[in-house]
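One structure is given below, encoded as structure tokens.
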Amino acid sequence: MDLDAGGSTSAPAPPSESLGASAETKEEERGGKQVMVVLVGPPGSGKSTFAEAVAGGSATAGRHWVRVCQDTIGNGKAGTKVQCLKAASDALKEGKSVLIDRCNLEREQRADFVKLGATLHVDVHAVTLDLPAKVCISRAVSRKGHEGNLQGGKAALVVNRMLQKKDAPLLTEGFSRIMSCNDDGDINKAVDLYSTLGPSDSLPSGVFGQKSKGPVQVGIMKFLKKADSTGVEESSGHKLTLGERKPGQQNTLPKQENVEAMFSCTMEVEKGLNDKKKNEEHAKQTDCYDDGSCTLAFPSISTADFQFDLDRASDIIVDTVANFLQKHDSIRLVLVDLSKKSRILSLVKEKAAKKSIDSRRFFTFVGDITQLHTKGGLQCSVIANAANWRLKPGGGGVNAAVYNAAGDSLQHATKKCADALRPGTSVAVPLPSISPLHQREGVTHVIHVLGPNMNPMRPDYLNNDYTRGSKLLHEAYSSLFENFASIVRSHMGKVNNESGTEKSASGGTSLKDTKIKREDNHVSERMKKYKLLPPIMTVNQQHACTKANTPNGLDNAMTSSAVPNQTKQGNNKKSSVVAGKTWGSWAQALYELAMNPEKYKNSDSILETSDEFVVLKDLYPKAKRHVLVISRMDGLDSLADVKKEHLPLLRSMHSAGVKWAQKFLEEDADLVFRLGYHSVPSMRQLHLHVISQDFNSASLKNKKHWNSFTTSFFRDSVDVIEEIEQHGSATTSSDEKVLAMELRCHRCRSAHPNIPKLKSHIANCKSPFPSHLLQKNSLLSSSTMHMDST
DNA sequence: GTTCTAGAAC
DNA sequence: GTTCTAGAAC
């Protein structure tokens, strides 16, 4: 059998026969193993032909193949990935080998199949059908009766877009073998290879046949994109290492490809099966430093703006570094400062030497931390930022420099991870590949760190308390380094398994960190709502910041002891049950405001406060003008609770609403207002909506939003008052089914298929409002106003 | 209430 | 492929 049918090899691991005794044993163990072949290719590349040839061919050498095709898995129609996974799993459990016939062009698309293979202990191979896009498109366009109904003009578009998002399969994804077919000849060989693979045969691991892709793809891109061919050659297949990239050269590599290149060293360590393992590992370690993949550059924290004593700071840096390097190998730390005369650099250098810290793994560096590669020739995949607690740009120093160099994308990416930082913590932010800092310097992550503050002009001043300051500075560096280790680890995957137990115990897993960050985001999100941030940090926010990325629960004094009892109670109040209804924590923001408006008096969202109500600008207005008149009466949660005794309150709220509508009409006479309550509100505490009827707002996003203001779910204030006067209570019967009703224009009642279409309609609909609204005097406009306001 | 995400619809 | 929705999380 031609085991090397894919042609030339670029595999990191040589064919099995040269691997020596241990590898042979392994090969033996694998004998008879099932295979899952994940086909990778756009529509028209011949995946189905391939799969059918292998699975349906008569030449199968006794191996039972099952073709899992997404285009037909749903009773002959297109199905889902989940269905494919299930079918693959079933077949594998029956002892069969499987061909996954779907595009699988993106890494994410393949991941679940690789995972399934790992779970069931079968080899997972990738076979890439890498034919010119032109060929695929013309085949896809001209074919008839395609199983997935992808043909004709639509096909060209789809193939085109798919190819732009393509990630070449990598061994690090978990494939034991990757084979690339660049033409029909290659495909035929591959079909032969798999259809003649007997039940006890196995194929060598590695990457086969990937080398001739470059020129082919250049042609594709010209064909597809017309213009902009910068960097196409690189992005098409030839793997660049960061070291190969020339300064200033535009890097168009997808991020993941970069990451792989960076961590290729570790991948090879994993493959290092031979006797010289240790030596090789050492050599690889050096490579890994050269390409910056294991290197963190960090500035001295807290010593500049925050005026932390340099001598103590240098002790803490050296201690923390020494401690950290002991626990983690294959990691390099570099302390960076701009000035040659930097006192902190010389102190650290001196103390590190005294402690005999390996100078290859930790050293000081004079230079701009945002230009280490281009100006300093030092490649670092991760840099630390001496951030401020709000994680915002500006302020000078390293923070300003990093944000400036990284561009807006850092700000956006940061916002996704955290809203604020407590002293002594850090947060790692993946730097988008569009960031100049990523492209130019090869920086893939920025870790924001906040140290203690000894400067009386800055927040959280420690008033010369160096006991606490030192603890916090130590925590800040530990958190920074652990975050860095997590980044390295998360890309190394299973590497270093033998020592992994100890290491993973020393820092939180990145998954866990992400989860924590998300929780924090939610908490902060809630506080951001209505911009209700009192001048002093709120309890919830303090909590959020404290939690922010504190690695593996370092005993943070602020978390466990220094927070007042009140805080803990506050946080425990995740939901409360009032009169049978459960309100989630997010739903209580209005209640909290109504009970303690004085806390939020500085918020510019609050328009007016009285003993009876608070008037608030809705932070997510569903129209040009949208305010809430919130009752301050405790226990009055929603319309269902309203009784006769509340009539005076309802009337006051109504008047307040009218007053504000009038004010808005003075500014914009074209508006029309409606005042009313939601039958079943989402947020606790009775609140009256005062909303202009343009509904021109980006915050109006879904059917529920629309229907809650334009159906019987919205109860006009005048009606509610009348009803209570007559019956003593308001009808809230309106079941929530109306919220799911079709989308109809509130003026002309025409129906629209979706929100965007509806929005473009209402932007131009000039029909008069429905007569029931006009008759009832429910609408406030500049022409009706003089009547209502008297 | 919003945000996030999977997957249906196009 | 993109757009949009619905459901679940908080």
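Heavy atoms of Ser682(A) sit under 4.0 angstrom from at least one base atom.
In this structure, Leu700(A) places its CG atom 13 Å from C1' of dT2(B), rounding to the nearest Å. Rounded to whole Å, the distance from CH2 on Trp586(A) to C1' on dT3(B) is 12 Å. Between Lys757(A) atom NZ and dT5(C) atom P the separation is 9 Å, expressed in whole Å. A straight line from NZ of Lys416(A) to C1' of dT3(B) spans 12 Å, rounded to a whole angstrom. The nearest whole Å value for the distance from the CH2 atom in Trp706(A) to the P atom in dC4(C) is 16 Å. Atom CD1 of Ile755(A) and atom C1' of dA6(C) are 12 Å apart (whole Å). The separation between Met683(A) atom CE and dC10(C) atom P is 17 Å, rounded to whole Å. Rounded to a whole Å, the CG atom of Asn702(A) is 11 Å from the C1' atom of dC4(C).
OP1 or OP2 of dT2(B) has at least one side-chain nitrogen or oxygen of Lys622(A) nearer than 4.0 Å.
Of the residues in residues 686-698 of chain A, not one comes within less than 4.0 Å of DNA chain B through any heavy atom. For the segment residues 109-118 of chain A, the set of residues with a heavy atom within less than 4.0 Å of an atom of DNA chain C is empty.
Val114(A) is linked by a side-chain contact (heavy atoms from CB on, under 4.5 Å) to Val124(A), Phe175(A), counting only residues two or more places apart in sequence or in another chain. Partners of His626(A) under the side chain to side chain donor-acceptor pair (under 3.5 Å) rule, at least two apart in sequence or in another chain, are His689(A). Remark: Arg684(A) engages Ser576(A), Gln588(A), Asp637(A) in a side chain to side chain donor-acceptor pair (under 3.5 Å) (not counting sequence neighbours). Partners of His746(A) by side chain to side chain donor-acceptor pair (under 3.5 Å), not counting sequence neighbours: none found. Thr414(A) meets the side-chain contact (heavy atoms from CB on, under 4.5 Å) test with Leu391(A), Tyr403(A), Leu410(A), Val429(A), His448(A); sequence neighbours excluded.
Between dG1(B), dT5(C), dA8(B), one nucleotide has an atom nearer to the side chain of His678(A) than all others, and that is dG1(B). For His705(A), taking side-chain heavy atoms from C-beta onward, the closest of the listed nucleotides dT3(B), dT2(B), dA6(C) is dT2(B). Ranking dA8(B), dG1(C), dC4(C) by closeness to the Thr80(A) side chain, first place goes to dA8(B). When each of dG1(B), dT3(B), dC4(C) is scored by its nearest atom to the side-chain atoms of Lys701(A), the top-ranked nucleotide is dT3(B).
Salt bridge absent: Arg110(A) and Glu108(A) never bring a charged side-chain N and a carboxylate O closer than 4.0 Å. Residues Asp101(A) and Lys47(A) are not paired through a salt bridge, judged by the lack of any N-O separation under 4.0 Å between the basic side chain and the carboxylate.
A centroid separation of less than 6.0 Å is found between the aromatic rings of Phe713(A) and His678(A).
Ring-to-base geometry does not place Tyr620(A) in a stacked arrangement with dG1(B) (centre distance under 5.5 Å, plane angle under 30° required).
Pairs of residues two or more places apart, or lying in two chains, never qualify as salt bridge (Lys or Arg N to Asp or Glu O under 4.0 Å) while including a residue from residues 685-703 of chain A. Note on residues 625-635 of chain A: pairs passing salt bridge (Lys or Arg N to Asp or Glu O under 4.0 Å), not counting sequence neighbours, are Arg625(A)-Glu667(A).
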